[in-house]
Amino acid sequence: MPRLLTTAIAVSAALLAAAIPAAAAGASARMTYDVYVGGVRMLEVTSGVSLASDRYDVDLSAHVVGIAATFSDWRSNVQSSGGLDGARVRPARNVVERINGDDARTTTITFLGGGRMDVEIVPSKKPKREQTIPPEKLVHAVDPLSGVVAILQALHLGAEACQGQVPVFDGRRLYRADLADGGTVMLQKAEQGMYGGETRRCTVSLTPMVGDFNFGDERRSTRPTEYLQPSSRAPDQRVIDTWLASPGARLPAVPVRIQSESPWGRVIVHLRAIQVGAS
């Protein structure tokens, strides 16, 4: 599964994490998404969140479905945890497991503070390397899940959420996430989704900043593989549009639709189910 597309899905799970009001200590929820690429259902994604007054835990699991499962049994599990200090997120640990047949790889990021990161890849084909990105560039960096937790945590504390910039570190590269509030828009209910109606649109633009595209254990070249299409605004930018709404009575606002572009067609993520009080 492409790393950048996985990042887009991780963003969707993190949006739910912060959508539960910050005051609701011990709140938890679980949601299910279907991912369509070029109009074909390719992935099922489930994610859960447990949110306390000073701590968050988010998990995400994805696996191929439908015709894609005929050719691949790819699956991925992502976990992020850390502390909450008002609107500020303090990530502690991020674990990404990718499995494709007999090939399994786990990347663990431990946030040591002051921009220092410990990144461990198991198994690794080469000896572990020292941090290649200067710590000063990573002082405020967060992993993809924790990054959007911070954005909507700010929203529920009364601050503007979908604006500004967030540095996002995926274990190899540092991205700049630029956020833009698209205001209130009406979303037509899709056959594949569970919601239609008034939404808030938020656009996330990911721009690669610095990092090692060949971390020392990749089979591919040092050139980044294009999994999401470049935007028309900047050659290196990848754009993810998200529509947020409460899909039912007493349910928090969550991503009901996520959309981007890829070389294989438009990527659309539809919310299929949500259960509050489960994680």
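The shortest distance between side-chain heavy atoms of Asp181 and Leu179 does not fall below 4.5 Å. You'll find the side chain of Arg257 reaches within 4.5 Å of the side chain of Ile268, heavy atoms only. You'll find the side chain of Val95 stays beyond 4.5 Å of the side chain of Thr107, heavy atoms only. With contacts defined as side-chain heavy-atom distances shorter than 4.5 Å, the pair Val142/Pro167 does not qualify. Here the side chains of Ser80 and Arg93 are not in contact, with every heavy-atom distance at 4.5 Å or above. At least one side-chain heavy atom of Arg90 sits under 4.5 Å from a side-chain heavy atom of Asp85. At least one side-chain heavy atom of Asn100 sits less than 4.5 Å from a side-chain heavy atom of Ser72. Contact of the Asp118 side chain with the Leu112 side chain is registered, since non-hydrogen atoms from C-beta on lie closer than 4.5 Å.
Between Trp74 and the options Ile99, Leu43, Asp103, a side-chain contact (heavy atoms from CB on, under 4.5 Å) holds for only Leu43. The side-chain contact (heavy atoms from CB on, under 4.5 Å) test with Phe169 is passed by exactly one of Asp143, Val119, Asn94: Val119.
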| field | Trace of the side chain to side chain contact (heavy atoms under 4.5 Å, CB included) decision for Met31 with Thr46 | value | CA-CA 6 Å; Met31 61 186 177; Thr46 60; over 6 Å; no
| message | Determine whether Thr203 and Ile240 satisfy the following criterion, side chain to side chain contact (heavy atoms under 4.5 Å, CB included), listing intermediate values before the conclusion. | response | CA-CA 6 Å; Thr203 299; Ile240 304 165; over 6 Å; no
| request: Show your reasoning for whether side chain to side chain contact (heavy atoms under 4.5 Å, CB included) applies to Val35 and Val45. | output: CA-CA 8 Å; Val35 181; Val45 179; 3.9 Å; yes
| said: Working note: Thr207 + Tyr175, criterion side chain to side chain contact (heavy atoms under 4.5 Å, CB included); need CA distance, chi angles, decisive distance, verdict. | reply: CA-CA 5 Å; Thr207 303; Tyr175 295 89; over 6 Å; no
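Residues passing the side chain to side chain donor-acceptor pair (under 3.5 Å) test with Ser61 are Asn77, sequence neighbours excluded. Every residue meeting the side chain to side chain contact (heavy atoms under 4.5 Å, CB included) condition with Met42, not counting sequence neighbours, appears here in chain and number order: Val37, Val40, Ala68. The side chain to side chain donor-acceptor pair (under 3.5 Å) search around Arg176 returns Asp178, not counting sequence neighbours. For Tyr36, the ring-ring contact (aromatic ring centres under 6.0 Å, His included) partners two or more places apart in sequence, or in a different chain, are His270. Under the rule for a salt bridge (charged side-chain N to carboxylate O under 4.0 Å, His left out), the partners of Arg272 that lie at least two apart in sequence or sit in another chain are Asp34, Glu44. Remark: Arg266 pairs with Glu261 by the salt bridge (charged side-chain N to carboxylate O under 4.0 Å, His left out) rule, at least two apart or across chains.
Taken from CD1 in Ile274 to OG in Ser246, the straight-line distance is 7.5 Å, to the nearest 0.5 Å. Separation of atoms CE (Met194) and OG1 (Thr32) is listed at 10.0 Å; rounding is to 0.5 Å. Here the CD1 atom belonging to Ile258 is positioned 10.5 Å from the CG atom belonging to Asp241, to the nearest 0.5 angstrom. We find the CZ-CE distance between Arg173 and Met209 to be 14.0 Å, quoted to the nearest 0.5 Å. How far CD1 of Ile133 is from CE of Met117: 8.5 Å, rounded to the nearest 0.5 Å. Atom CZ of Arg201 is separated from atom CD of Gln259 by 7.5 Å, given to the nearest 0.5 angstrom.
No side-chain donor-acceptor contact under 3.5 Å links Thr199 to the backbone of Leu244. The backbone N or O of Ala62 sits nowhere less than 3.5 Å from a side-chain atom of Ser76 that would complete a donor-acceptor pair. Under a 3.5 Å cut-off, the side chain of Asp73 and the backbone N or O of Gly101 do form a donor-acceptor pair.
Under the 4.5 Å side-chain heavy-atom criterion for Ile, Leu, Val, Met, Phe, Trp and Tyr, Val65 and Val78 are members of distinct hydrophobic clusters. Taken together through direct or relayed side-chain contacts under 4.5 Å among Ile, Leu, Val, Met, Phe, Trp and Tyr, Leu84 and Val168 form part of one hydrophobic cluster. No chain of hydrophobic side-chain contacts below 4.5 Å, direct or via other Ile, Leu, Val, Met, Phe, Trp or Tyr residues, connects Val89 to Val139. Val185 is connected to Val256 through a chain of hydrophobic side-chain contacts under 4.5 Å among Ile, Leu, Val, Met, Phe, Trp and Tyr, so both are in one cluster. No chain of hydrophobic side-chain contacts below 4.5 Å, direct or via other Ile, Leu, Val, Met, Phe, Trp or Tyr residues, connects Met186 to Trp243.
The nearest pair of heavy atoms linking Ala141 to Leu174 is CB-CD1, 4.0 Å. Nearest approach of Tyr195 to Pro247, heavy atoms of both residues: CD1-CA, 3.8 Å. The heavy-atom pair separating Pro255 from Leu271 by the smallest distance is O-CB, 3.7 Å. The two atoms that bring Ser81 and Arg55 nearest to each other are CB-NH2, 3.5 Å, heavy atoms only.
Between Arg30 and Asp59 there is a salt bridge, since at least one side-chain N of the basic residue sits less than 4.0 Å from a carboxylate O of the acidic one.
Around the CD atom of Gln188, the shell of radius 6.0 Å holds no more than 12 heavy atoms that belong to other residues, nucleotides or ligands.
Side chain to side chain, Tyr56 and Ser146 meet the donor-acceptor criterion of an N or O pair below 3.5 Å.
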